[in-house]
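Input: a single structure, listed below in structure tokens.
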Amino acid sequence: MTSASIPKPKAPAAVPGVPDPKIAMGWLHTAKFLTTAPELKHLPRVDVPEIAFVGRSNAGKSTCINTLTQQHRLAFASKTPGRTQSINLFSLGKQGVTDAVLADLPGYGYAAVPKEAKYRWQQVMGNYLQTRDNLKAVVLLCDPRLGLTELDEILLDVIRPRVEEGLKFLVLLTKSDKLNKTEAAKALSIVRLQAGGGDVKLFSSLKRRGVEEVAQHLWDWAHPVEKPAKPAKVSEVPPEIND
């Protein structure tokens, strides 16, 4: 007599509106290189949510992306700050079905970059942040020891109109393991004021601080829960009045 084979349990499916960092982390691990583009016009049009990572050179942007996706060299961290001058896209989605895209924008603010290149990239980034139709969220990475710089604040001004229209926005204070508790609390307080109400979180790739929390944010942004439609009100018909 042969025993019936017992099917293996399926991995739990994400329940809309219910946070599950394990599912979010598993989803981010599916990240694959999609394309690179030196100019906005060369980027492919995609109809899934796009989340952009921006920040100054040396803010830890590539390390952050690699930590979130659990891949060592998905985002290339150049030894020369300011060297990477292309927008890199990474697709996300299980079973080969892309349901979101991460965009790694070039770091800015490195003094050794020629003025012409700086100006060109200011234009490219400005156009991208203002006109990319499927852009749903922006993650700004910032070294908490420096706080938001003038260039960071210019970027905030660029995206402010879209934030008011619903664009999600998060500031990550990277390398937070280099701060003690008092310094971390102070940095959070200052940047929250500078960000003008935007969400601000401590992040450390080394200590894995904030990794699952940020992963959940990215998942939620890419998989928004649709609010149930309100039932239409039925207008009451006044009873007929008999003469």
Practice item. Taking only Lys NZ, Arg NE, NH1 and NH2, and the carboxylate oxygens of Asp or Glu, determine whether Glu50 and Lys136 approach each other closer than 4.0 Å. Key: no
Study note, to complete from the structure: Residues at least two apart in sequence or cross-chain that pass side-chain contact (heavy atoms from CB on, under 4.5 Å) with Lys178, listed by chain then number, are Arg145, Lys175
Review point. Is Val214 close to Leu68 at the side-chain level, that is, under 4.5 Å between some pair of heavy atoms?
Key: yes
Practice item. Answer with yes or no whether the side chains of Gln216 and Asp220 bring together a donor and an acceptor at under 3.5 Å. Key: yes
Practice item. Work out which heavy atom in Val191 is nearest to a heavy atom in Gly147; give both atom names and the distance. Key: CG2-CA, 4.5 Å
Study note, to complete from the structure: Note: Ala24 and Trp219 closest approach over all heavy atoms is CB-CB, 3.8 Å
Review point. In Å and rounded to the nearest 0.5 Å, what is the CG to CG distance from Leu28 to Leu74?
Key: 10.5 Å
Review point. Is a side-chain N or O of His42 found less than 3.5 angstrom from the main chain of Ala37, in a donor-acceptor match?
Key: no
Review point. Linking I/L/V/M/F/W/Y whenever their side-chain heavy atoms sit closer than 4.5 Å, directly or via other members, would Val138 and Ile154 fall into one cluster?
Key: yes
Check your understanding: After noting the C-alpha distance and the side-chain angles of Asp133 and Arg45, does the key distance pass the side-chain contact (heavy atoms from CB on, under 4.5 Å) rule?
Key -> CA-CA 9 Å; Asp133 292 336; Arg45 291 188 176 275; 3.8 Å; yes
Point to revise | 4.5 Å side-chain heavy-atom contact, Leu141 and Phe203 | key: no
**Study point:** Distance-only polar pair, side chains of Arg56 and Asn58, donor-acceptor under 3.5 Å
**Key:** no
**Study point:** Joint hydrophobic cluster, Val46 plus Ile87, side-chain heavy atoms closer than 4.5 Å
**Key:** yes
Practice item. Check for a donor-acceptor pair, side chain of Asn66 on one end and backbone N or O of Ala75 on the other, with a separation under 3.5 Å. Key: yes
Practice item. With the side chain counted from C-beta on, respond yes when Met125 and Leu155 share a heavy-atom pair under 4.5 Å apart, and no when they do not. Key: yes
Check your understanding: Mind checking whether Leu89 and Pro44 have side chains closer than 4.5 Å, heavy atoms only?
Key -> yes
Revision key, fill the gap. Value for CG (Leu135) from CD1 (Ile51), rounded to nearest 0.5 Å, stands at 9.0 Å
Check your understanding: Under 3.5 Å, is there a donor-acceptor pair between the Asp99 and His223 side chains?
Key -> yes
Review point. Will you find, in the side chains of Thr149 and Asp152, an N or O donor that is under 3.5 Å from an N or O acceptor?
Key: yes
Review point. Which pair of non-hydrogen atoms, one from Ser86 and one from Pro106, has the smallest distance, and what is that distance?
Key: O-CG, 3.4 Å
Exercise for review: Write down the atom of Leu34, the atom of Ser91, and the distance for their closest heavy-atom approach.
Suggested key: CB-N, 4.0 Å
Review point. Would Leu172 and Ile190 show up in the same hydrophobic cluster when neighbours are defined by side-chain heavy atoms closer than 4.5 Å?
Key: no
Check your understanding: Checking Thr30 side chain against Gly93 main chain: does a donor-acceptor pair fall under 3.5 Å?
Key -> yes
Check your understanding: Do Met25 and Val139 share a hydrophobic cluster, counting only Ile, Leu, Val, Met, Phe, Trp and Tyr and linking them when any side-chain heavy atoms are less than 4.5 Å apart?
Key -> yes
Review point. Side chains of Leu92 and Lys32: closer than 4.5 Å at any heavy-atom pair?
Key: no
Check your understanding: Hey, is Arg209 close enough to Asp177 for a salt bridge, meaning N to O under 4.0 Å?
Key -> no
Review point. Where do Thr67 and Arg208 land on the side-chain contact (heavy atoms from CB on, under 4.5 Å) test, with the steps shown first?
Key: CA-CA 8 Å; Thr67 299; Arg208 297 193 62 79; 3.9 Å; yes
Point to revise | Path from Phe53 to Leu146 over hydrophobic side-chain contacts below 4.5 Å | key: no
Exercise for review: Using the test ring-ring contact (aromatic ring centres under 6.0 Å, His included), find all partners of Trp221 that sit at least two apart in sequence or belong to another chain.
Suggested key: His217
Practice item. Grab the two heavy atoms, one from Val48 and one from Thr98, that are nearest each other, plus how far apart they are. Key: CG1-O, 3.6 Å
Review point. Does a side-chain heavy-atom distance below 4.5 Å link Ile159 with Phe169?
Key: yes
Check your understanding: What distance do Leu188 atom CG and Glu183 atom CD have between them, rounded to the nearest 0.5 Å?
Key -> 12.5 Å
Point to revise | Closest non-hydrogen atom pair between Cys142 and Val171, with its separation | key: CB-CG1, 4.4 Å
**Study point:** Ile65 side, atom CD1; Asp104 side, atom CG - distance, nearest 0.5 Å
**Key:** 4.0 Å
Check your understanding: Just wondering, do Lys201 and Leu173 contact through their side chains at under 4.5 Å, heavy atoms?
Key -> no
Check your understanding: Hey, what do you get for CG (Leu129) to CZ (Arg160), rounding to the nearest 0.5 Å?
Key -> 13.0 Å
Review point. Is any NZ, NE, NH1 or NH2 atom of the basic residue among Arg192 and Asp199 found under 4.0 Å from an Asp or Glu carboxylate oxygen of the other?
Key: no
Check your understanding: Taking side chain as C-beta onward, heavy atoms only, is Thr131 less than 4.5 Å from Leu40?
Key -> yes
**Study point:** Nearest-0.5 Å distance that lies between atom OG1 in Thr35 and atom CG in Asn88
**Key:** 8.5 Å
Point to revise | CG/Asp157: more than 12 non-hydrogen atoms of other groups inside 6.0 Å | key: yes
